[in-house]
Amino acid sequence: MTFKELPKSYEPKEVEEKWYRYWIDGGNFTANEESDQPPYSIVIPPPNVTGSLHMGHALNNTLQDIMARFKRMQGYNVLWLPGTDHAGIATQNVVEKQLALQNKARKEMGRDLFIKRVWEWKEESGGVIVNQLKRLGSSCDWRRERFTMDEGLSMAVREVFVSLYKEGLIYKGDYIINWCPRCQTALSDLEVEHKEEKGHLFHIKYPVKGENETLVVATTRPETMLGDTAVAVNPDDDRFKHLIGKEVHLPLTGRVIPIIADSHVDVKFGTGALKITPGHDFNDFEIGQRHSLDAISVMDKEGRINELGGSYAGVERYECRDRIVDDLKKEGLLVKIEDHDHSVGHCYRCQTTVEPMISKQWFVKVQSLADAAIDAVKKGETKIVPQQWEKTYFDWMENIKDWCISRQIWWGHRIPAWYCDCGEIIVSVSDPDSCPKCQNSSLRQEDDVLDTWFSSALWPFSTMGWPTQTKELDLFYPTSLLITGFDILFFWVARMMMMGLKFMGSAPFKEVYIHALVRDSEGNKMSKSRGNVIDPLVIMEKYGTDAFRFSLAAFAAQGRDIKLDEARVDGYRNFVNKIWNASRFALMNLEGFEDKKVLPNKEELPLADRWVLSRLNRTAKDVSCALDTYKFNEAANIVYQFVWHELCDWYIEMIKPVLYGDGDSNERNNTQAVLLEVLRTSYQLLHPFMPFITEELFSYLPGEEGSIMKSRFPESDSSVVDEALEAEMERVMNTIKAVRNIKGEMGISPSSSVSLIVRGVSERHQQSLMKNENLLKIIARLDSFSFTDGDAPEGAATAVVEEMELYIPLKGHVNIDEEEKRLNKEIGKVEKDLEFLQKKLSNKAFIGKAPKEVVEKDKKRFEEVMLMKSKLVDSLGRLKCLK
RNA sequence: GGGCGGAUAGCUCAGUUGGGAGAGCAUCGGCCUUACAAGCCGAGGGUCACAGGUUCGAACCCUGUUCCGCCUACCA
């Protein structure tokens, strides 16, 4: 048999491109709706079509890919369904900006032309993030890629809208909503970002009508006084009781408004008198409703004062604030201005300060939907991991308010409602030809489009063909798992829960894994404005995709944000390199290997081989277990530890004598077989994390054809796990470590050979050590290895491993002072242990109350350590005699 | 205001039923040992934020405090 040799170093780039193409061409990512394998499904959190890959995406998709590849290798029929989101406002903004460069405006173009332009943009640039996901190695079923504006998904949107409308769960009305004066659209509560800002509290005198008295109100937004329709005081506030029912002159307007009593007013805040502007404040709106006050909108859609603002008409809202303050000062009505910090709402797309406004909008009545969504999690139909997020989910769901779903933009699903001159509103899945009431055929469709999250709320089933009852839906809904960041728990997860339960009758996911946010190494959120963004593509380019993915997995501890430290990525790049070199070693040492297709009986194998197989099986079990519970960091660390420190540091070193020597060819063949088996299994364990290098290396293995993706994920064989054997190996390893320690501490060059004499060994251990003599000699670099029953050798360095005393004669270059120092150090350590154990064991309460096993264990330890100490002290005594 | 999370080695972080604190990087010392110097071997380094409590025993459970982060809210 001849074997391919590996190139000297791993070149990620070429390998990654090669294998990704191979996987795609081979249809390896394609789910099969005809398969009778158990289904496993994940829908991707669709990134914005405008987006480009950031760390959040990279983490999110790496974790999904790990699960997808893991489950696929376990024999599941995996569907990982990808796609993008049309991102209404964001996309419209992007295209508008492009148009602005050409001095064009959306409104001049007209709706149809603009939409056409957006589609063109989508075709050209919308694929960026998809390609970046591919670069990451994502094993999505790209044949099923969806876009929220696809025809099928749009149909689902209409179905849902019409159905909810008919049931009375969608309504239209005049309410106060968040308005972005720049985007010129309504926003839902969630789309408003609150930020702490330094502001002022203006104290303004409102003269009481017919009295020689003024009522002072405090406000942060004096410009809204133009829309005041009352002043409210607390009904229990003695200072103002006599004013309730009277009226005040609203300064600068000539209007007169009532003084009302409402318990919402906080006696202790400001002046205790609250001006009420139902047209521009959420609270005031509610108070206004309670007291049947008029709600006056004094601003236009761009945030300028409108004609109802009298002489201020046309003035921008903040400019108006200054002017009003000036004017109040002139009239002597401004009492004072205090500094006051408060939180101000901003548009999540453009950061403009939002303006609460009264406006005709469409809403979803969410209470009943939310109740069902709460139930599903309470019953365990959907499990949220880590569980702490359930509380957040419940909290939000329990306090949810009706969802404003209409947006005054063009890019999105246009609301399927048509208006007839006769006053009829037709809500219908298909475009109506004429009014069912008056037969008039000149109908006008609603201008507004739906919130993007309305369509993404349907994602788990609309992408599988709903409302058509497809095979995919049958097989893959509900999905097995959703992986997403907590930042869209409300935006998206909660809404998918509501819609899935409503329209599919079951929750869309069995489990939801919520991962953390990726931050910079200081712990700050990455953002363009902070300039601390680490571009995942740059990292992939520098360290390779596998190293990057492995880093993300290793960082992904549950419930904790990730502070990405590039040094660790560098460390995992070295790990990739290590794997490569270990493989290279193996392939260089396969001379004469005959593949017998089956592993030798373990009885025939030497200690090292049996040990590595035992460890390997344990590792396989632990990795599966960790992945099943979404402990990605544990899984990564377990396999890292095994491959580097057990396989490379110990096993490969231990088998070198067998592979290099000209000894028993059968023994060598066995070891070669074991080495290949361990490598193959390691690649399989690593594959979900590092798809590329493992596929590449797998292809070099003799006897392997086809993709590692199609191979079976390692299942642990518990009959191979052997604790006694692992203990035996540990004794050998500790012996080697003791020799290395003496050499290191005594300044003896590692290459200089020394003798090892073992005294006081038990018969069993002696046999085992003798069997491994060759191994000990080579790895510990000994020129002789022997046992003695007689006196301890003189002039030797000493160590104690279990019951064994180890002696290394130091011959001519003996350094007694050094060895004395070293022994004292060892004795010091041992004494500390003894002191601790002594204290514990002399505590009657401990002996009496602690479990027997624990007490026994400590007693045994105490004896062992006592023995060790006496041996070390003896050695020290003998050493002193030499002086 | 409410809620959640964090504080462990110089740095970044693990530590799930409470039983003598771990990793990687960094540091120090020694090695070109024919897979790998992106490596190998050895060593040093922690009153697990603070104060109480429960327990034979606490990084872990309970209470309180301080500092940091995030989410959320009708903070005029």
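The sequence lines fix the lettering, A, B, ..., with proteins before strands; numbering per chain opens at 1. In what follows, every heavy atom counts, from backbone to side chain, and hydrogens, waters and symmetry copies are set aside.
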Could you please name the option among G19(B), U12(B), A76(B) that lies closest to any side-chain atom of V265(A)? A76(B)
Which whole number of Å gives the distance between the P atom of C62(B) and that of G6(B)? 12 Å
Name of the residue among R822(A), K825(A), K737(A) meeting salt bridge (charged side-chain N to carboxylate O under 4.0 Å, His left out) with E745(A): K825(A)
Would you indicate, yes or no, if A43(B) has its OP1 or OP2 atom less than 4.0 angstrom from a side-chain nitrogen or oxygen of K825(A)? no
Determine: side-chain N/O of K391(A) to OP1/OP2 of C4(B), distance under 4.0 Å, yes or no. yes
With rounding to the closest Å, how many angstrom separate the P atoms on G53(B) and A59(B)? 15 Å
Expressed as a whole number of Å, how far does the C1' atom of U12(B) sit from that of A7(B)? 14 Å
Quick one: look up who G69(B) pairs with, Watson-Crick or G-U, both distances under 3.5 Å, and put none if it's unpaired. C4(B)
Have a look at D266(A) and say if it touches a base, only the backbone sugar-phosphate, or nothing, with a 4.0 Å heavy-atom cut-off. base
Is the charged tip of K656(A) near the ring of F585(A): under 6.0 Å from the six-membered ring centre and within 45° of its axis? yes
Look at E541(A) together with K13(A) and state whether they make a salt bridge at an N to O cut-off of under 4.0 Å. yes
Distance-only donor-acceptor test (3.5 Å): side chain K578(A), base C36(B): yes
Answer yes or no: is there a donor N or O on one side and an acceptor on the other, between the side chain of N581(A) and the main chain of N577(A), under 3.5 Å? yes
At under 4.0 Å, does any side-chain N or O of N843(A) touch on OP1 or OP2 of G57(B)? no
Verify the contact: side-chain N or O of N741(A) to OP1 or OP2 of A43(B), cut-off strictly under 4.0 Å; return yes or no. yes
Which whole number of Å gives the distance between the P atom of G2(B) and that of G10(B)? 36 Å
Counting heavy atoms from C-beta on, name the nucleotide in C25(B), A14(B), U12(B) closest to the side chain of A567(A). C25(B)
For the side chain of Q388(A), starting at C-beta, report the closest nucleotide among A76(B), A38(B), C4(B). C4(B)
Ignoring hydrogens and angles, are the base of U33(B) and the side chain of K656(A) linked by a donor-acceptor pair under 3.5 Å? no
Phosphate OP1/OP2 of C40(B): any W644(A) side-chain N/O under 4.0 Å: yes
Record whether the side chain of S343(A) comes under 3.5 Å of the base of C75(B) through a donor-acceptor pair of N or O atoms. yes
Taking 4.0 Å as the cut-off, does a side-chain nitrogen or oxygen of Y660(A) come that near to OP1 or OP2 on A35(B)? yes
Separation of the C1' atoms in G69(B) and G30(B), to the nearest angstrom: 44 Å
I'd like the P distance from U8(B) over to G15(B), given in whole Å. 14 Å
Measure from the side chain of F269(A), starting at C-beta and using heavy atoms only, and say which of G5(B), A38(B), C75(B) lies closest. C75(B)
Can you identify which nucleotide, out of C31(B), G19(B), C70(B), has its nearest atom closest to the F486(A) side chain? C70(B)
Looking only at atom C1', what distance separates G18(B) and C13(B), rounded to whole Å? 23 Å
Tell me whether the OP1 or OP2 atom of C41(B) has a side-chain N or O from H645(A) closer than 4.0 Å. no
Taking the side chain of E196(A) as heavy atoms from C-beta outward, which of U72(B), C75(B), C56(B) is closest to it? C75(B)
If I pick the C1' atom on G24(B) and the same atom on A14(B), what distance separates them, to the nearest angstrom? 10 Å
Pairing partner (Watson-Crick or G-U wobble, both distances under 3.5 angstrom) of C28(B): G42(B)
With the threshold set at 4.0 Å, does a side-chain nitrogen-carboxylate oxygen contact exist between D262(A) and R290(A)? yes
Side chain of R740(A) (C-beta onward), nearest among G19(B), A76(B), G42(B): G42(B)
Hey, what's the ring geometry for W389(A) with F486(A), parallel, tilted or perpendicular (30° and 60° as the breaks)? parallel
